[in-house]
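Input: a single structure, listed below in structure tokens.
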Amino acid sequence: MLNRGQISEMQQKVMLNKATGDSDAERVARHTMMSFEEVLELCRKSITKMATNAFRREQDPAKKREITKAYINEFVDTHKPVVQRPDGRGEFDLNSLKNALIDEITHYGPITKAMEDPTIDEIRANGPDQIFVESMGKTIRWEQNFTDREHMERIISKLLGVSKVRLTPKNPMVNARTIEGYRVNATHADISPYDVPAFVIRKFNKKSITYKVMLQNETFSVNMLRLLTLIPKANLSWITVGPTGSGKTTLNEILIKEINPLMRVITIENPSEMRLIRREGDKEYGRVINDVLQYECVPDEDDSSPATMENLLINAMRQSPHWIGPGELRSPGEFATALRAAQTGHYFFTTLHAEGDEEAIYRFLTAYLMVSNEPAELALRNICNAVKFVIFQEKLADGSRKVTSISEVLGSEGLKPKINQIYKFICEDVEEEEGTHRVLKIIGRHKRVGVISERVQQMMLKAGIKRSRFEFLTKEPSDDEVEVYSLDGYHDFDN
């Protein structure tokens, strides 16, 4: 007959088995002396096992750090491991061990401040003494460095801490997620001619950027914003294109929120970046008022899970959506499935890497033809019928992000898409820093160069949009037409 204390001890061993593995659990249970590196690895395994999806997707680094500290405290309090101090001077007491584990797991050495700075979007390390960060669209050299290669490798292990992957000579390239939910790519020193590791961390803002901020930054003009917000309101499928880091996802997040909240929206991303849940009164715990379902697909190279972009797209079509939004189309099968969704009565939006509106259509066509036996002309006609607008966004040399083109897709003629450009950004000059030629500002202006078609006008009217809201887009542009970036005097926007 077991007493209560023996039952409790057995329960702890079972918990430890789940958190670490049988052999590790037996060793801690016997209170065998362990090195700090060994208990650190066991603690990381424990966190990986205990971490919930909510924990992994928590956007606030401070909250995530506090939860991580709680996991560490629970691990130490439950298992009370006996750990030798690295300097050889006796054992850690439990409080000192907790502090050492918290410091090792939740801080990142020279990049800690960069990880916590909300104005920094990307951190790149090409070696222990080569750290660069991107802030407000500009790349700057980071002042602090790692002490050596080993220090950098320990920090990389921290960055990969809650992931199941490890960076090794046999697995020299890793895509993973940090505790904060940031995307990280790391490479092993073995594939570097300089024998150093490297990593890139791409951060995501906790708070959504509003269109008012984008107007202040002159990403687009007020009239361009009026057109952009009418596209989702009128159920016009669109593609946002541009280079990496140009702000495509941020722009799409703004546009998606213009969709009627009672129209069902399903998005699939990797990783999930957009925050689309809307609550009554914009309160943190208010009642959800929009019908939106968001999925996170596995990375392209992960074939161990059925939750691929293509499979989730196929499944989404069975979930009665009005809108389907793959975060980015990459593989031919994804393009084909997205087109099938558009042809079966669903509206869609997505992003592509392309150098302009026509190039985006051709990229769609090329990818689609890799998995389809359709004649190219028929395939192009179907694509041009599905995609109503192409929005092109770029990051300029001064770090600013601009919508440089908004184009309507009219159809196709043979193997050429018919593109009707409505707005474009015209570069006029460059303002430089005297003596260094460093770019301070790209001087330019947005200009309307076209009108929307009769077909789009009819679709807007059928969607319940009053003609006065888009009538300015039906008149030929004039040379003295000036684009403004202030909402003063405009009443088209609800907030």
For this session: Using the side chain to side chain donor-acceptor pair (under 3.5 Å) rule, pick out the option among Asn252, Thr350, Thr351 that qualifies with Thr240.
Result: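 Answer to the side chain to side chain donor-acceptor pair (under 3.5 Å) test with Thr240 among Asn252, Thr350, Thr351: Asn252.
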Could you check whether atom [atom1] of [X] has more than 12 heavy atoms from other residues, nucleotides or ligands sitting under 6.0 Å from it?
{"X": "Lys138", "atom1": "NZ", "answer": "yes"}
{"X": "Arg287", "atom1": "CZ", "answer": "no"}
{"X": "Lys447", "atom1": "NZ", "answer": "yes"}
{"X": "Glu143", "atom1": "CD", "answer": "no"}
{"X": "Lys441", "atom1": "NZ", "answer": "no"}

Strictly by modelled atom types, are [X] and [Y] linked by a side-chain donor-acceptor pair under 3.5 Å?
{"X": "Thr139", "Y": "Arg124", "answer": "yes"}
{"X": "Ser400", "Y": "Glu218", "answer": "no"}
{"X": "Ser453", "Y": "Glu408", "answer": "yes"}

Problem set entry | Lys257/Glu253 under salt bridge (charged side-chain N to carboxylate O under 4.0 Å, His left out): CA gap, chis, key distance, verdict | CA-CA 7 Å; Lys257 290 177 180 177; Glu253 183 177 333; 3.5 Å; yes
For this session: Before accepting this row, confirm whether a basic side-chain N of the pair Arg438/Glu433 lies closer than 4.0 Å to the acidic partner's carboxylate O.
Result: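 Here Arg438 pairs with Glu433 in a salt bridge, since their nearest N and O are under 4.0 Å apart.
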Exercise. Given Ile422 and Leu473, is the side-chain contact (heavy atoms from CB on, under 4.5 Å) satisfied, shown in steps?
Worked result: CA-CA 8 Å; Ile422 310 297; Leu473 294 166; 4.2 Å; yes
Measure across [X] and [Y] and return the closest heavy-atom pair with its distance rounded to 0.1 Å.
{"X": "Thr229", "Y": "Leu255", "result": "N-CD2, 4.5 Å"}
{"X": "Pro261", "Y": "Ile289", "result": "CB-O, 3.6 Å"}
{"X": "Phe472", "Y": "Arg469", "result": "CE2-O, 3.5 Å"}

For this session: Classify the ring geometry between Phe146 and Phe199 as parallel (under 30°), tilted (30 to 60°) or perpendicular (over 60°).
Result: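 Correct class here is perpendicular.
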Donor-acceptor under 3.5 Å ([X] side chain, [Y] main chain):
{"X": "Thr267", "Y": "Gly325", "value": "no"}
{"X": "His107", "Y": "Thr112", "value": "no"}
{"X": "Gln343", "Y": "Asn382", "value": "no"}
{"X": "Asn420", "Y": "Leu410", "value": "no"}
{"X": "Lys212", "Y": "Ile209", "value": "no"}
{"X": "Lys203", "Y": "Ala114", "value": "yes"}
{"X": "Arg401", "Y": "Met214", "value": "no"}
{"X": "Glu334", "Y": "Ser331", "value": "yes"}
{"X": "Trp142", "Y": "Pro110", "value": "yes"}
{"X": "Asp398", "Y": "Val439", "value": "no"}

For this session: Give a yes or no on whether the ring-centroid distance for Phe335 and Phe364 is below 6.0 angstrom.
Result: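 Between Phe335 and Phe364, the centre distance is under 6.0 Å.
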Exercise. With sequence neighbours left out, which residue pairs that include part of residues 478-490 fulfil the salt bridge (Lys or Arg N to Asp or Glu O under 4.0 Å) condition?
Worked result: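 Only Arg448-Glu481 qualify under salt bridge (Lys or Arg N to Asp or Glu O under 4.0 Å).
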For this session: Output, in order, the C-alpha distance, side-chain angles, deciding distance and verdict of side-chain contact (heavy atoms from CB on, under 4.5 Å) for Arg330 and His353.
Result: CA-CA 9 Å; Arg330 294 185 178 92; His353 290 289; 5.8 Å; no
For this session: Check whether any side-chain heavy atom of Asp357 lies under 4.5 Å from a side-chain heavy atom of Phe392, and answer yes or no.
Result: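 Side-chain contact under 4.5 Å: no.
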For this session: Only one of Leu215, Val222, Asn223 passes side chain to side chain contact (heavy atoms under 4.5 Å, CB included) with Val484; say which it is.
Result: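 So, applying the side chain to side chain contact (heavy atoms under 4.5 Å, CB included) to Val484 and each of Leu215, Val222, Asn223, only Val222 qualifies.
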Problem set entry | Approximate separation, where rounding is to 0.5 Å, of Leu276 CG and Ile259 CD1 |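 One finds 8.5 Å between CG of Leu276 and CD1 of Ile259.
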For this session: Step by step, work out the salt bridge (charged side-chain N to carboxylate O under 4.0 Å, His left out) result for Arg264 and Asp291.
Result: CA-CA 5 Å; Arg264 184 166 174 79; Asp291 187 354; 2.9 Å; yes
Exercise. Which residue, Phe389, Phe348, Tyr347, Phe349, forms the ring pair (Phe, Tyr, Trp, His ring centres under 6.0 Å) with Trp238?
Worked result: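 With Trp238 as partner, ring pair (Phe, Tyr, Trp, His ring centres under 6.0 Å) holds for just one option, Phe349.
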For this session: Carefully, step by step, assess Arg202 and Glu122 under the rule side-chain contact (heavy atoms from CB on, under 4.5 Å).
Result: CA-CA 5 Å; Arg202 188 173 180 187; Glu122 194 167 284; 4.2 Å; yes
Exercise. Taking it one step at a time, do Met317 and Leu313 satisfy side-chain contact (heavy atoms from CB on, under 4.5 Å)?
Worked result: CA-CA 7 Å; Met317 285 190 279; Leu313 276 170; 5.7 Å; no
